[in-house]
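Here the structure is laid out as structure tokens; the discussion comes afterwards.
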Amino acid sequence: MARLSLERIYADENGQPIPRLLDVYPDGTEEYEPQEDPVTKLGQTLFRIFQERRDVFDIDAPKRQDAKDEEESDDDKEEQPEKATQKMSMTPEDLMKMRNELMPQLHIAMGEMSLARDLLALLLSTSPPTAQAPALAVSTVSKPPPIPSVAAFNTLLTTGGKDESLRSASDVLGTAAREIERVNESNEKYWQNALLVRSSGWGLVPAPLPPGTSGGNKFARDFLISYGLEQASPPFKRRALAQLSTNSPSPLTFPAREGLRLRVTYETANGSSSSMVGRSKSSDNLDEILRDAQSEVVESEIFRRLIEEAGSLPTAGARVSEKLIVVEAAQGVDLKFELVDEVEEDEASQPESIEACLIGSVLRLYLLQMHRSPRRSSRLLQPIIDVVQYVRFCERVEDEVTMMASSLRDAGFKVRVRFQRVGEGGEGIVGGERMGGEAVLRVDGRHTVRLTMEAPCRLVAHLGRATLGLSSMSQLSQLLREEMEGYLLRKICEAGPEAGGWVVDRMTGSVVGNVGGENRQVSVRFGTRYGIECRVGSRAFSGGRLIDWVRAIM
């Protein structure tokens, strides 16, 4: 909006100068100030300056006047009375003094004349009395109309001031209305969110008053959302509080949220695989936001308990820092538990692994079990290490059994292997039972070697004649060699009667028989990676079908 200037208008709409009004006569005639030529006026002004101040511009005038006065005093002293009577010219000082004396009187005279002029104009403007009119009549004096340009200027000034005031008042009222509407919508949204949170099963607790507030009511009129676990320790329950927001863009605010998530890394000697236990999602759903915040608090409590247990592990070594735990769980297997920012998790490109996901899920189950029975001495990290060591132990046992079965198949035997790593259910494992499984090696449907395993590294061999406990992989390898060598020798003896009969010599670990009146000795050994080596006298055979060799020799 353009603002009006208070400066006097000097030109009309067409750009022509507006003359200055001096007087308005009773008949409506207007008297304007005559226009003067600026050049003429400047000349008159300069002329008056030189006439009144010529002594200022003439520097030698005082000297000449003194010399003239001395000459007049010397030459003609007799004429002094006559010269004294002559009129002297006025000096600028005398003129100024006279002006100061006359100007007040002139102003008074001007005021009297103006009053007389107004009185005469008033008398002339009244109409003559009629015959019926009384001696004294009331006369109406109308104010002369203002100049059109001045009236237009006054109208513009008044209108502009009112318009600005109305616009300012309108802006204030509009701002207040919008603020009231925003507050009403915010309050309505607040109660809607409170009802949604309560209907989802989250706990609402009254928020305490700010510190220093007095009053009988100890709680404020808003709510806090408790999203932590009920049996969690007090520090984590105090952190698990959210507020329903009224001014923030997000519907919930978390004063104590750190934004750290637990990442579990399962590293082996061959490669590395990692997985984030929980991942926050950007969503406007209140239930999903609270679930992400709850997962963060649960993972923080898990990491704190892992730090407490890492220093006293009986079967593994660990390195602990502020946000990182590295555990040497088994031979060639490392476990890493790390608190990372959500931004780092989003930037990670490593694929998730089954092992890391299972470890993350089991940690949560163990934490809930600890909350359910706080008096019971429960642990989080040691059961995980036992499982990792057991998995690594089962892999090595399976490798040994599989190599033996492959060697027997190459020799022409029918071999069946059944390997079951875990025989218990999930409830039993989480409840504290030892994880265990079994491996069965059956040759030709008759000879069986059965092995039972128990976490973390316990192995028992169930044979036909005894039950043996094995403490290392070398003992398992030696047991498999001896059992299969004995079976192969008995298998050779079964083929012996067709050629004259064979017997097993337990002293030498071989089979002795008579072929064509000649005694022959056959021995069987398992070499590297359970490769079968057969020796008949001074001749050695390897590869191919073992029964075919024996029958060819017989």
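In this chain, residues are counted from 1 in sequence order. All heavy atoms count here, side chains included; hydrogens, waters and symmetry mates do not.
- L335 CG to T265 OG1: the interatomic distance, rounded to the nearest 0.5 Å, is 9.0 Å.
- Looking at heavy atoms from C-beta onward, F337 lies out of side-chain contact with E299 at the 4.5 angstrom threshold.
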* Show your reasoning for whether side-chain contact (heavy atoms from CB on, under 4.5 Å) applies to L367 and R364. => CA-CA 5 Å; L367 180 64; R364 291 170 176 254; 5.7 Å; no

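- Looking at Y366 and Q382, their side chains never come closer than 4.5 Å, going by heavy atoms from C-beta outward.
- Nearest heavy atoms, Q389 versus P456: OE1-CB, 3.5 Å.
- Q331 and R396 make their closest contact through OE1-NH1, 3.7 Å (heavy atoms, listed as atom of the first residue, atom of the second, distance).
- Formation of a donor-acceptor pair under 3.5 Å by the D341 side chain with backbone atoms of L260 is not found in this model.
- A heavy-atom distance below 4.5 Å is not found between the side chains of F419 and L441.
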Report all side-chain donor-acceptor pairs from residues 306-313 shorter than 3.5 Å, counting only partners two or more places apart or in another chain.
from: E309; atom 1: OE1; to: L380; atom 2: N; distance (Å): 3.1
from: E309; atom 1: OE1; to: L381; atom 2: N; distance (Å): 2.7
from: E309; atom 1: OE2; to: L380; atom 2: N; distance (Å): 2.8

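- With hydrogens and angles disregarded, a donor-acceptor distance shorter than 3.5 Å links the side chain of S200 to the backbone of L196.
- Here R167 does not pair with D171 in a salt bridge; the nearest charged N to carboxylate O distance is not below 4.0 Å.
- A donor-acceptor distance shorter than 3.5 angstrom exists from the side chain of N285 to the backbone of D287, with no hydrogens or angles considered.
- Atom OG in S295 sits 5.5 Å away from atom CZ in R261 (nearest 0.5 Å).
- No donor-acceptor pair under 3.5 Å is formed between the side chain of S407 and the backbone N or O of M403.
- What you find for V264 and I359 is that their closest heavy atoms are CG1-CG2, 3.9 Å.
- To the nearest 0.5 Å, atom CD of residue E296 and atom CZ of residue R257 are 4.5 Å apart.
- Two residues are said to be in side-chain contact when any heavy atoms from C-beta on lie closer than 4.5 Å; L463 and L479 meet this criterion.
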Using distance only, find each side-chain donor-acceptor pair of residues 231-243 under 3.5 Å and give its atom names and separation, not counting sequence neighbours.
from: K237; atom 1: NZ; to: E230; atom 2: O; distance (Å): 3.3

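- For the pair R304 and S300, the minimum side-chain heavy-atom distance is 4.5 Å or more.
- A donor-acceptor pair is defined here as one N or O able to donate and one able to accept, closer than 3.5 Å; no such pair exists between the side chain of S406 and the backbone of T402.
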* Asked: For E338 and V326, what are the C-alpha separation, side-chain angles and deciding distance, and is it a side-chain contact (heavy atoms from CB on, under 4.5 Å)?
  -> CA-CA 9 Å; E338 184 178 9; V326 181; over 6 Å; no

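- Below 30°, between 30° and 60°, or above 60°: for F526 and Y530 the angle between ring planes is above 60°, a perpendicular geometry.
- Summarising the geometry of L470 relative to Q475, their closest heavy-atom pair is CA-OE1, 3.4 Å, with the distance given to 0.1 Å.
- Looking at R182 and E179, their side chains come closer than 4.5 Å, going by heavy atoms from C-beta outward.
- Side-chain atoms of Q192 and K189, non-hydrogen and from C-beta on, do get closer than 4.5 Å to each other.
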* Kindly determine whether R305 and E301 satisfy salt bridge (charged side-chain N to carboxylate O under 4.0 Å, His left out), including the steps that lead there. => CA-CA 6 Å; R305 294 185 179 273; E301 185 176 2; 3.6 Å; yes

* Any chance you could lay out the side-chain contact (heavy atoms from CB on, under 4.5 Å) test for I225 and L204, step after step, and finish with the verdict? => CA-CA 5 Å; I225 303 173; L204 293 179; 3.6 Å; yes

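- R418 is linked by a side chain to side chain donor-acceptor pair (under 3.5 Å) to E438, counting only residues two or more places apart in sequence or in another chain.
- Between the side chain of Y266 and the backbone N or O of C357 there is no donor-acceptor pair closer than 3.5 Å.
- Remark: E485 CD to L480 CG distance equals 11.0 Å, nearest 0.5 Å.
- Closest approach of F254 and A293 over heavy atoms only: CE2-CB, 3.6 Å.
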* Is there a side-chain contact (heavy atoms from CB on, under 4.5 Å) between Q294 and W202 once you walk through the steps? -> CA-CA 11 Å; Q294 185 184 58; W202 300 97; 3.8 Å; yes

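- By the ring-ring contact (aromatic ring centres under 6.0 Å, His included) test, F303 pairs with no residue at all, sequence neighbours left out.
- Using a 4.5 Å heavy-atom cutoff, the side chains of R434 and R458 are not in contact.
- For the side chain to side chain contact (heavy atoms under 4.5 Å, CB included) criterion with L451, the lone passing option out of V460, V401, V440 is V401.
- Ring geometry, Y487 versus H447: the interplanar angle falls under 30°, so the pair is classed parallel (tilted spans 30 to 60°).
- Every pair passing salt bridge (Lys or Arg N to Asp or Glu O under 4.0 Å) that includes a residue from residues 310-323 is listed here, sequence neighbours excluded: R319-E328.
- Using modelled atom types, one finds a donor on one side chain and an acceptor on the other under 3.5 Å when comparing R481 with S477.
- We find the OG1-CZ distance between T448 and R442 to be 3.5 Å, quoted to the nearest 0.5 Å.
- With sequence neighbours left out, the salt bridge (Lys or Arg N to Asp or Glu O under 4.0 Å) criterion links E483 to R465.
- Side-chain polar atoms of E188 and N184 form no donor-acceptor pair below 3.5 angstrom.
- With values rounded to the nearest 0.5 angstrom, L195 atom CG is found 11.0 Å from L286 atom CG.
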